[in-house]
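Structure, as structure tokens:
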Amino acid sequence: MSERDGHDGLGIGAPLEELRRLEPPAEDAARRAKLIRNALDLAAAQTAARSLRVAGIGRTAVPLAAAAALALAAVMVLRDDAPETGANGPAPALRVEHAGSAQPLGERATVAVGKEPAEFVLRDASRVRAARETAFVYRGGAEDRFHLERGEVALHVEPREKRPPLVVETEELTAWVVGTRFAVVRAKQGDVFATTVSVVEGLVRVVAKPGGETQLLAAGDRVTLRAATPAAAPPARAEAAPARAAISTVIRQKLKEGAIGTARRLIERAQRERAAGAAELAMLEAEADLAERRHERAKARYLAIVTRYPHTSEAELSLFAAAQLSRGAAGVDLLQRYLARYPDGRFAKEAQRLLATLDTAGSE
Amino acid sequence: VTEPSELVPDAVLRRAAEGDRAAQQAVLAGVYDFVRRTLYRLLLGRAQDLDDLQQAALLKVLTSLPGFRREAAFKTWVTGICINVVRDHLRRKKREPYFDPFAGAAELRAARDGRGEERVEARRALGECVRALEGLPVNQRTVFVLKAVYGHSIEEIAELMDSAHSTTRLRLYYARRAMRKALGTEPELPARLLRPQGGK
């Protein structure tokens with residue numbers, strides 16, 4: 001027998017041939033575009049973070065043992081077509097024309113950067129790197145707050161300990177640095193500005209303006225908020241929807257990695273902060289049970305979701321999941337309930353097939 | 001199958017490495033299908049984490065591009081990235097698989113989509129083979145898949161996995177031995193010959 005036929009007599013020539021012919025499931029163009037866009041944004045954020053380190057900010061000064069405690073934040077903010085500073089923007093109190101050693105920002109500063117990027121240092125040794133032609137207002141005090149008028153800033157933030165988080169705000173949103181790496185990009189989309197936050201590591205809290213809806217973003221997540229139009233239209237809530245799902249994404253990732261305890265803590269926190277829908281969080285609790293092989297408990301949770309949140313999409317998922325976890329007559333009953341309630345549901349065909357299988361198995 | 005090196009001209013690679021966003025987008029579009037297929041086969045057809053790994057691999061391609069020295073073919077370099085992404089993922093993942101309550105129906109459908117007993121038998125054999133491979137340590141599994149599925153030589157695998165030839169040969173030896181045991185195709189040999197001394 002040749003090696004390719006059976007790999008040294010293992011007798012698995014046919015399965016190996018199947019593996020050679022495996023083709024990934026089809027995906028739609030939107031999903032493909034999203035993955036590419038996310039990778040581009042995350043790469044840009046990582047480059048911004050790396051540029052801080054290359055510039056010698058912080059990294060070499062941080063002992064290895066203390067590195068884990070370092071609240072590292074790399075924030076990149078772009079605002080590419082705001083009014084020229086001095087015309088409609090704030091008058092520049094500090095005008096920087098040369099890149100050089102970092103300049104202290106003091107307690108308050110209104111900054112307009114010239115033709116070269118510039119670096120600044122806060123009182124707690126946090127560093128700020130501003131791209132050319134950036135304009136921002138800085139207010140120190142109990143909390144450090146940047147209001148970006150235009151351009152791009154990258155921040156390397158020292159641990160905040162018990163102090164309030166450092167804040168970067170634009171007209172569209174406020175991003176709170178809670179110990180993570182993320183990017184904020186502000187650019188014009190059509191007639192209005194939009195600010196996009198992409199998270200590289202950890203969690204970022206984003207508060208929409210106006211409205212104040214708080215969202216937690218996790219690694220790999222992104223949310224875009226559009227500015228209100230001159231007629232003061234409400235913020236684009238639809239655009240913010242992906243962020244609401246963000247915490248559930250990170251919880252599912254933790255479950256996949258087997259970090260059940262962490263997942264449960266995140267679920268509790270999300271419930272406290274209402275960072276996701278109650279039905280969705282209940283589903284995640286059930287999934288945590290499944291990951292621990294507590295199938296009966298998971299099934300009970302799924303059935304509770306069906307009762308408590310009957311008009312949500314989670315109810316449909318839960319009813320089908322409960323059926324999947326049931327055997328014999330109970331399984332048949334739940335599948336029939338599913339089909340009666342959702343005759344055109346997402347799992348209707350699967351449910352019919354499963355019922356047919358159970359019938360076949362029963363007649364054998 | 002169109003290879004990424006044919007889809008991404010050198011000039012585009014260079015511009016992408018310098019940070020040109022349009023060029024970076026072109027690189028990702030060029031390697032996208034190749035990366036997805038490679039990851040999927042390395043994952044032995046488990047699609048559950050495919051999107052996450054796809055994004056991680058695309059990100060790695062972009063962030064590592066400035067370090068691409070053209071000592072290897074671009075395709076080989078991208079394959080190496082895919083291998084590392086999957087190895088890291090498998091190491092992170094605990095032995096206990098994540099239970100997907102909706103996977104059962106999909107698998108059932110896959111089985112029922114086959115025609116006749118022959119197809120059912122083929123899927124059963126594939127499932128057995130995949131389970132045996134999933135029981136291997138990550139490096140042994142990767143070497144075995146690169147050899148048996150992709151048909152790479154020991155030298156190529158050593159380069160892709162950045163390891164010594166001798167290490168690669170040893171991993172393949174242990175992988176085959178474990179596969180024989182898992183598949184019940186162990187030859188009739190004295191027990192002492194089946195358990196040679198030495199670690200992995």
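Within every chain, numbering begins at 1; the chains are lettered A, B, ... in the order of the sequence lines, protein sequences first and strands thereafter. As the structure is a prediction and not an experimental result, all values here were calculated from the model. All heavy atoms count here, side chains included; hydrogens, waters and symmetry mates do not.
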Review point. Which of the residues A33(A), A351(A), A39(A) is involved in the greatest number of heavy-atom pairs with chain B at under 4.5 angstrom?
Key: A39(A)
Exercise for review: Would you mind reporting whether Y302(A) and E287(A) have side-chain heavy atoms less than 4.5 Å apart?
Suggested key: yes
Check your understanding: For L62(B), is it the side chain, the backbone, both or neither that has a heavy atom under 4.5 Å from a heavy atom of chain A?
Key -> side chain
Point to revise | Toward chain A, the part of V130(B) with a non-hydrogen atom under 4.5 Å | key: side chain
Check your understanding: Do the charged groups of D33(B) and R32(A) touch, with an N to O distance under 4.0 Å?
Key -> yes
Check your understanding: Which atoms of L58(B) come close to chain A, meaning under 4.5 Å heavy atom to heavy atom: side chain ones, backbone ones, both, or neither?
Key -> both
Check your understanding: Is the Y150(B) ring parallel, tilted or perpendicular to the H152(B) ring (thresholds 30°, 60°)?
Key -> parallel
Review point. Is a salt bridge present between R41(B) and E23(A), judged by a nitrogen-to-oxygen distance below 4.0 Å?
Key: yes
Revision key, fill the gap. Okay, L39(B) and chain A: the region with an atom under 4.5 Å from a heavy atom over there is neither
Check your understanding: Given that the side chain runs from C-beta out, which part of D51(B) has a heavy atom under 4.5 Å from chain A: side chain, backbone, both or neither?
Key -> both
Check your understanding: With a 4.0 Å cut-off, would you call R20(A) and E17(A) a salt bridge?
Key -> yes
Practice item. Answer with side chain, backbone, both or neither: which region of Q24(B) has an atom nearer than 4.5 Å to a non-hydrogen atom of chain A? Key: both
Check your understanding: Would one find more than 12 heavy atoms of other residues, nucleotides or ligands at under 6.0 Å from atom CG of D28(A)?
Key -> yes
